[in-house]
Amino acid sequence: RRLSGEHGVEILGGKSVSLVGNSFSGAWGGGVGGKAIKTGAGVSGSASGNVFSGMAERVQNNSAKFFVDLDSGTDWAKRSMNRRHSLKLLGGYMQPGGTGNTYQVATTAEAPYLAVRLVLMNPKNASVTVNVAVAPSNSPAGNNPSGAWVQATKAGSATIVLPAGDGSRRPSVTVTDWINVASIARTGGGTLPILFARLYSADQVYVMGNTSSTDGSEWGTTSGAVALGRVIYDSTAAGDFVTTNQASYVATTAYHTAITGFEFLHKTDVLTVMALGDSIHQGDGGVASKLLGPVTRAAIAASTATRPVQYANYGWSGDTTDGFLSRLTDLLAAGCRPHVIVTTPHSTNDISTSSVGFFSFCLVKMRDNGMAVKKLCDQYGIKLVWATWLPYVYAENRDSLRRAYVAEVKELGNELGIPVIDWDAAVKAGTTPDTMQAGFTGDNLHPNDAGNAALATVTQPVIEAVRDVYFA
């Protein structure tokens, strides 16, 4: 059956059902938590070949035995379950923060929102207990928002426990319950909706950002923390300003945020483009901001009022392709769903020695991890885009292997229908062995602001092409 508008399918308890080859659009009940399929207790069965569009959520699943299999070859744009959701990840390596502090961030959404839930990560090898609250505002400036604070919950509890991570680069991922808080109109300049969020913990928490002494001012001041109009204003203060004394918050330090991301529910469709990778995706070589990697820049440039594109910066400085895969696995398992992922099936961080034999071994591992990421994207109905490997200061016996791998990725992408962005060609000097052009890097590894802009220039047309298919 084809169902539309505010209709859905309700399956009563105690049934065994099979739903095959249907097309569902609209939502069950509408509004926050709208569902396409509603199942009662004791339902078992299967569903395959179904096309879902415009749903707030894929399934209300009251039985662990009932599931929906979307991996059946339907068009990716039509089987995106959460077209009115956007995922915003701020990006950046996480490092130890303080104890007993409130961390605040004010940031933008790409379109008016009806509700939000927070994405919280903990790489610490011990659990952390936090309290979190959000508020809409008409401006990102100041210590306090113009709207009212609403405390976040997880499974109905305002005391949220973040499970332990691996103590290094694989954080646990916790997503809060949906919070019914709607955006309000901007005043005093700017058009994008603003959200304030706070996190308090008596425990030591991890915060985002590298150890560079400049990060605090870049991320935390109104002059330096504007990512092409998408603000991220971070600050902290000693004490609890989440569960009490909310209006008394006065920032004492401009510092990295302990809140890693947001998922918004919008009134309209929004496309989320996620950068998955290492410090190059994060934008670590930038001077103006450590947040403006090439994919982030391109996604922002591709966003319009009628076809909004939300960036999700999931770059992690120092990470390898093992980490790309594990972090994506955990993010998807937590319920976060980007619509598009731009990644590299390789990382210079995978190459830890100068041995040519070890270099060749790492190429095998990177191929395997790249294909495993593709499998995850196929499983979750995510559009995958690859970018090629940037030149480094390898000796020719290793750079020749890198160049051959670049050619292999292009060929494989063509065979598999994966768009490939030629980052290598955009910035290489054309020497043997090859390096980045001098004006595009400060350390022969990370693109600087000019290098990130050059990579964004070749990335933007690909994102725009995907965007136009998505919104068609």
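Hydrogens, waters and symmetry mates play no part in the numbers below; they use all other heavy atoms, side chains included. Along the sequence shown, the residues carry numbers beginning at 1.
- A salt bridge does not link Lys428 with Asp399: none of the charged nitrogens is closer than 4.0 Å to a carboxylate oxygen.
- Going from atom CG of Leu114 over to atom CG of Leu265 covers 5.5 Å, rounded to the nearest 0.5 Å.
- Inter-residue side-chain proximity for Trp386 and Leu412 is flagged as met; some heavy-atom pair is nearer than 4.5 Å.
- Counting only distance, with no hydrogens or angles, the side chain of Ser127 and the backbone of Val161 share no donor-acceptor pair below 3.5 Å.
- In summary, the aromatic rings of Tyr200 and Tyr103 are positioned with their centroids too far apart to meet the 6.0 Å limit.
- If you take OG on Ser303 and OH on Tyr311, they are separated by 11.5 Å, rounding to the nearest 0.5 Å.
- With values rounded to the nearest 0.5 angstrom, Tyr405 atom OH is found 12.5 Å from Ser360 atom OG.
- Residue pairs meeting the salt bridge (charged side-chain N to carboxylate O under 4.0 Å, His left out) criterion with at least one partner in residues 160-170, sequence neighbours excluded, are Arg170-Asp330.
- Val309 has its side chain out of reach of Glu464: every pair of non-hydrogen atoms, C-beta onward, lies at least 4.5 Å apart.
- Judged by distance alone, the side chain of Thr441 and the main-chain N or O of His446 form a donor-acceptor pair under 3.5 Å.
- Nearest heavy-atom pair, Val134 versus Leu195, reported as atom, atom and distance to 0.1 Å: CB-CD1, 4.1 Å.
- At least one side-chain heavy atom of Tyr233 sits less than 4.5 Å from a side-chain heavy atom of Pro140.
- The two atoms that bring Asp424 and Leu390 nearest to each other are N-CD2, 4.3 Å, heavy atoms only.
- Between Arg327 and Asp319, at least one side-chain N (NZ, or NE/NH1/NH2) sits under 4.0 Å from a carboxylate O, which counts as a salt bridge.
- The two residues Asn122 and Ala126 come nearest to each other via the heavy atoms ND2-O, 3.0 Å.
- Note: Trp423 and His346 fail the aromatic proximity criterion, with ring centroids not under 6.0 Å apart.
- Using a 4.5 Å heavy-atom cutoff, the side chains of Leu192 and Glu110 are in contact.
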(message) The test is side-chain contact (heavy atoms from CB on, under 4.5 Å); show your working for Ile421 and Thr388 and say whether it passes.
(response) CA-CA 6 Å; Ile421 308 167; Thr388 57; over 6 Å; no
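- Arg83 places a side-chain N or O within 3.5 Å of a backbone atom of Tyr470 that can act as its donor or acceptor partner.
- In this structure a side-chain-to-backbone donor-acceptor pair under 3.5 Å is present from Asn313 to Gln282.
- Closest approach of Thr272 to Ser86, counting heavy atoms only: OG1-CA, 3.2 Å.
- Residue Asn369 is tested with Thr321, Thr343, Asp350 for a side chain to side chain donor-acceptor pair (under 3.5 Å); the sole match is Thr321.
- For the pair Ser201 and Thr129, the tightest heavy-atom approach, listed with the atom from each and the gap, is OG-O, 2.7 Å.
- Between the side chain of Thr252 and the backbone N or O of Thr236, at least one donor-acceptor pair lies under 3.5 Å.
- Taking a cutoff of 4.0 Å between a charged side-chain nitrogen and a carboxylate oxygen, Lys365 and Asp322 qualify as a salt bridge.
- Between Leu90 and Thr260 the shortest side-chain heavy-atom distance does not fall below 4.5 Å.
- For Asp468 and Arg307, the salt-bridge test passes: some basic side-chain N is under 4.0 Å from an acidic carboxylate O.
- The aromatic rings of Tyr93 and Trp316 stand perpendicular to each other, their planes meeting at an angle above 60°, with 30° marking the opposite boundary.
- The main-chain N or O of Ser317 is never found under 3.5 Å from a side-chain atom of Asp284 such that the two would form a donor-acceptor pair.
- The minimum heavy-atom distance between Thr344 and His281, with the atom names listed, is OG1-CE1, 3.1 Å.
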(message) Quick one, Leu292 with Asn452, criterion side-chain contact (heavy atoms from CB on, under 4.5 Å). Give me CA distance, side-chain angles, the key distance, then yes/no.
(response) CA-CA 8 Å; Leu292 287 177; Asn452 282 325; 5.8 Å; no
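- The distance from the CG atom of Leu376 to the CG atom of Leu384 is 10.5 Å, given to the nearest 0.5 Å.
- Residue Thr296 holds its OG1 atom at 9.5 Å from CD of Gln310, rounded to the nearest 0.5 Å.
- Results of the side-chain contact (heavy atoms from CB on, under 4.5 Å) test with Cys336 over Leu89, Val175, Leu328 single out Val175 as the only residue that passes.
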(request) Let me see the working for Thr174 and Lys154 under side-chain contact (heavy atoms from CB on, under 4.5 Å), right down to the final yes or no. (result) CA-CA 9 Å; Thr174 300; Lys154 178 65 176 179; 4.3 Å; yes
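- Using a 4.5 Å cut-off on side-chain heavy atoms (C-beta onward), Pro391 and Arg402 make contact.
- Among residues two or more places apart in sequence or in another chain, the side-chain hydrogen bond (donor to acceptor under 3.5 Å, both in side chains) test is passed with Glu263 by His85, Arg117.
- Put simply, the side chain of Leu332 reaches to within 4.5 Å of the side chain of Pro338, judged on heavy atoms.
- One N or O on the side chain of Asp434 and one on the backbone of Gly430 form a donor-acceptor pair closer than 3.5 Å.
- To the nearest 0.5 angstrom, Thr348 atom OG1 is 11.5 Å from Asn444 atom CG.
- Geometric assessment of Arg84 against the ring of Phe264 yields a negative cation-pi assignment under the 6.0 Å and 45° thresholds.
- Between Lys88 and Thr108, the closest side-chain pair of non-hydrogen atoms falls below 4.5 Å.
- In the displayed structure, Lys267 atom NZ is contacted under 6.0 Å by at most 12 heavy atoms of other residues, nucleotides or ligands.
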(request) Evaluate the side-chain contact (heavy atoms from CB on, under 4.5 Å) criterion for residues Arg398 and Val393: first the C-alpha distance (whole Å), next the side-chain angles of each, then the deciding distance (0.1 Å), finally the verdict. (result) CA-CA 10 Å; Arg398 287 176 289 152; Val393 285; over 6 Å; no
